[in-house]
Amino acid sequence: MNEFWDRLGISASLICILHCILTPILVISIPVAGELASHEWFHGSMILIVVPVAVWALWNGYRLHRNPTVIWLGIAGVLSMILALVLGSKNFNVEFIFMIIAGSLLASAHWLNLRVCRRRH
């Protein structure tokens, strides 16, 4: 059961990374598509998916394996996402960097959680 949530968390985190990487390319090559993809609704929607999935999957995994690295990676990822939104509101480059960091940290947390949960079984 928890494996599903980790896989969903990894997928959502990777979608965030792809969005951050592809949006500038879309903005340059296809202005209309780039404009749609860079709207704040996307970031808000992703946060509404990523944060609850991360909390659910990482906490339930932690209760099984008690590996604190999973929780710390998850916390760092969520904090990076918050920093991206707060500090990035005035500077796209700051938002871009922190969102890439956030997605990487959260994907790593889910991947580690998946591994230690499997090892525990």
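Heavy atoms only: backbone and side chains are in, while hydrogens, waters and symmetry mates are out.
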Colleague: Answer yes or no: is there a side-chain heavy-atom contact under 4.5 Å between Leu106 and Leu73?
Modeller: no

Colleague: Considering non-hydrogen atoms only, spot the tightest contact between Ser80 and Phe98 and give its length.
Modeller: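 Reported closest heavy-atom pair: O-CB, 3.6 Å.
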
Colleague: Roughly how far apart are Ser13 OG and His110 NE2, rounded to 0.5 Å?
Modeller: 5.0 Å

Colleague: Can you give me the closest heavy-atom contact between Ile17 and Gly103, atom names plus distance?
Modeller: CD1-C, 3.7 Å

Colleague: Should Val55 and Leu85 be regarded as members of a common hydrophobic cluster, given that ILVMFWY residues are connected when their side-chain heavy atoms come within less than 4.5 Å of each other, either directly or indirectly?
Modeller: yes

Colleague: Which atom pair, heavy atoms only, marks the closest approach of Ala109 to Val70?
Modeller: CB-O, 3.8 Å

Colleague: Measuring from Trp111:CH2 to Arg7:CZ, what's the distance to the nearest 0.5 Å?
Modeller: 12.5 Å

Colleague: Of all the heavy-atom pairs spanning Leu58 and Ile71, show the shortest one and how long it is.
Modeller: O-CD1, 3.8 Å

Colleague: Measure the shortest side-chain to side-chain distance between Ile101 and Met81 over non-hydrogen atoms and say whether it is less than 4.5 angstrom.
Modeller: no

Colleague: Taking Asp6's backbone N and O only, do any of them form a donor-acceptor pair with Asn113's side chain (distance below 3.5 Å, no angle check)?
Modeller: no

Colleague: Quick check: does any side chain N or O of Asn60 sit under 3.5 Å from a backbone N or O of Trp56, one acting as donor and the other as acceptor?
Modeller: yes

Colleague: Do the side chains of Val50 and Ile47 get nearer than 4.5 Å, heavy atoms only?
Modeller: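 Not touching, per the 4.5 Å side-chain cut-off.
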
Colleague: Could you tell me the separation between the CH2 atom of Trp5 and the CD1 atom of Ile10, rounded to the nearest 0.5 Å?
Modeller: 14.0 Å

Colleague: Decide yes or no for Ile100 and Ile21: does some side-chain heavy atom of the first lie under 4.5 Å from some side-chain heavy atom of the second?
Modeller: yes

Colleague: Leu64, Leu114: one ILVMFWY side-chain cluster at the under-4.5 Å cut-off?
Modeller: no

Colleague: Measure the shortest side-chain to side-chain distance between Met46 and Ile15 over non-hydrogen atoms and say whether it is less than 4.5 angstrom.
Modeller: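 Answer yes - side chains close enough.
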
Colleague: To the nearest 0.5 Å, what is the distance between CG on Leu83 and CD on Glu95?
Modeller: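 So the gap between those two atoms works out to 12.0 Å.
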
Colleague: Got Ile82 and Val86 here, is their nearest side-chain heavy-atom distance under 4.5 Å?
Modeller: yes

Colleague: Quick one: does His65's side chain have a donor or acceptor within less than 3.5 Å of a partner on Gly61's backbone?
Modeller: yes

Colleague: Taking a hydrophobic cluster as the set of Ile, Leu, Val, Met, Phe, Trp and Tyr residues connected by side-chain heavy atoms closer than 4.5 Å, whether directly or through intermediates, do Tyr62 and Trp72 fall within one such cluster?
Modeller: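 The answer is yes; both residues are in one hydrophobic cluster.
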
